Amino acid sequence: MNSMTPGLRLAGLTKILGGRTIVDDLSLDLEPGELVSLLGPSGCGKTTTLRMIAGFLTPDAGTIEVQGSDVTALGPERRPSAMVFQNYALWPHMTVAKNVAYPLKVARVARREIADRVAEVLELVGLSHHADSRPAQISGGEQQRASLARALVQRPKLLLLDEPLSNLDAKLRVRVREEIRDIQQRLGITTVLVTHDQEEAMAVSDRVAVMNGGRIEQVSAPAELYRAPATEFVAGFIGSSNRLASPDLGPGENDVHWMVRPEHVVLVPADEGIPGRVTRVLPHGHFAEVAVVARGTELRAYVSGETPAVGADVGVRIESALRYANGVLDTRSLAPIERIAA
Ligand SMILES: Nc1ncnc2c1ncn2[C@@H]1O[C@H](COP(=O)(O)OP(=O)(O)O)[C@@H](O)[C@H]1O
Ligand SMILES: [Mg+2]
């Protein structure tokens, strides 16, 4: 394998189910050791894509290559990938160690080697002390780690995770996602993570692929995705945005919208900026979300420090706005706003 060979290459993947195109000509390359999330709303085709990569579902068109080898025609057990399922799928009657050993047993690995590899991977995920526990005797987070261990014990070239944290409570979710990211980086294993949770995707990924209707709308590093959403869909899906006809709140042009982040709507004294009135204030702790109506348009602003009262007259200043023509980013609008207006 040369250094330019991707860890995973999806080329033109397509899947039709029930007469509908669920995954639509999807192409994506992952660098070796890269973690890429497939992020998108429920039903956009994330799981279907992952199941094709794993070999549980046959594509209607397209190919899948792992480290340069075409695996499209191989069954799941012959692919160099391992999957962690949303519901963990642990055998309830087997101990943690037996669950983790299971795929090696099926692959007829020698008993001594199985014991060594299971011990090693339980150590890696911090579950050595639960080797002899059954799934019902350990917490949800520990079950998730057992499920991760069962995938990693196979020494896969590709790790596939389908909403692995969705059964955990919010605090635990944050901790386990950091553990997964840490292990993934230590092993340097190419990983696809499916999630509908943008915060999760942004927190752990090298790059995020935003999916909509079976297609990838954008694949970028998390910060870039937030700074320069390539489509109106991505701008609306990642973080929150005001969708305006024009940045001066005037009538605007045909098929053009402007997206403005709430942190770029700045409230100033009433005699400055565009005149507006506060209609709602939602405290969030370290900042407040303030709704303002200006020139008949409702805008949301994030305000830290002193918050205005409902009914107060304020001025509105828009510091940054992105222009979308027919739903696609006009990259010229990434320049500071004074220059756009010119
Ligand atoms: N076997 C199937 N037959 C028909 N439609 C299916 C089948 N499996 C999934 N779908 C549909 O495909 C769409 C995408 O499903 P899925 O990939 O599970 O979405 P996601 O994981 O992004 O939530 C959904 O609308 C779902 O109802
Ligand atoms: Mg899914």
Side-chain angles (χ1 to χ4, degrees), residues 8-28 30 35-64 66 71-72 75-76 79 81-90 140 143-144 147-148 150-151 156 158-170 172-173 176-177 180-181 184 190-205 207-220 222 225 229-239 327:
L8 172 67
R9 165 163 286 175
L10 308 178
L13 269 193
T14 298
K15 186 68 194 177
I16 296 165
L17 289 169
R20 283 200 304 138
T21 304
I22 304 299
V23 176
D24 190 1
D25 194 25
L26 184 147
S27 297
L28 178 66
L30 273 71
L35 190 160
V36 172
S37 290
L38 301 181
L39 171 68
S42 178
C44 72
K46 306 181 296 294
T47 294
T48 305
T49 303
L50 204 68
R51 290 175 65 83
M52 285 193 280
I53 302 171
F56 298 121
L57 211 53
T58 308
D60 291 305
T63 56
I64 300 157
V66 178
V71 301
T72 319
R79 295 195 184 188
S81 50
M83 184 145 160
V84 173
F85 298 91
Q86 181 170 359
N87 58 6
Y88 317 140
L90 298 167
Q143 289 177 39
Q144 182 49 257
S147 169
L148 179 64
R150 185 183 50 190
L158 182 64
L159 180 63
L160 305 172
L161 306 164
D162 191 359
E163 308 263 6
L165 306 172
S166 57
N167 290 336
L168 306 178
D169 67 54
L172 196 57
R173 213 151 54 212
V176 176
R177 84 185 181 205
I180 289 177
R181 174 58 159 165
Q184 181 269 332
T190 309
T191 301
V192 181
L193 168 69
V194 159
T195 181
H196 66 276
D197 179 339
Q198 55 158 305
E199 194 205 307
E200 183 175 307
M202 304 282 266
V204 303
S205 309
R207 287 185 301 154
V208 177
V210 180
M211 285 184 70
N212 181 27
R215 292 173 158 273
I216 292 178
E217 297 243 341
Q218 182 174 10
V219 51
S220 294
L225 208 59
T231 65
E232 225 177 284
F233 174 82
V234 176
F237 192 75
I238 303 290

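Note that the coordinates shown come from a computational prediction; the quantities given were computed from them, not determined experimentally. Note that ligands are numbered from 1 as they come in the structure, with each ligand's atoms numbered from 1 the same way.
Take A89 and apply the side-chain contact (heavy atoms from CB on, under 4.5 Å) test, not counting sequence neighbours, and it matches F85, N87, R150. Every residue two or more places apart in sequence or in another chain was checked for a salt bridge (Lys or Arg N to Asp or Glu O under 4.0 Å) with R79, and none qualifies. E217 pairs by the salt bridge (Lys or Arg N to Asp or Glu O under 4.0 Å) definition with nothing, not counting sequence neighbours.
Across L148 and V84, no two heavy atoms sit closer than the pair CA-CG2, 3.9 Å.
Distances from atom 13 (C) of ligand 1 to the heavy atoms of G43, G40, C44 show the closest one on G43.
Both the backbone and the side chain of T47 come within contact range of ligand 1, each with a heavy atom under 4.0 Å. Counting heavy atoms under 4.0 Å from ligand 1, residue R20 touches it through the side chain alone.
Near G45, with a cut-off below 4.0 Å to any heavy atom, the atoms of ligand 1 are 14 (C), 17 (O), 19 (O), 20 (P), 22 (O). Near T48, meaning under 4.0 Å from one of its heavy atoms, ligand 1 places the atoms 15 (O), 16 (P), 17 (O). Near I22, meaning under 4.0 Å from one of its heavy atoms, ligand 1 places the atoms 11 (C), 12 (O), 13 (C), 14 (C).
How far CD1 of I16 is from CZ of R20: 11.5 Å, rounded to the nearest 0.5 Å.
Inter-residue side-chain proximity for L38 and L28 is flagged as met; some heavy-atom pair is nearer than 4.5 Å. Using a 4.5 Å heavy-atom threshold, the side chains of L39 and M202 count as separate.
Panel detail: the Mg ion (ligand 2) has protein N, O or S atoms under 2.8 Å away, 1 in number.
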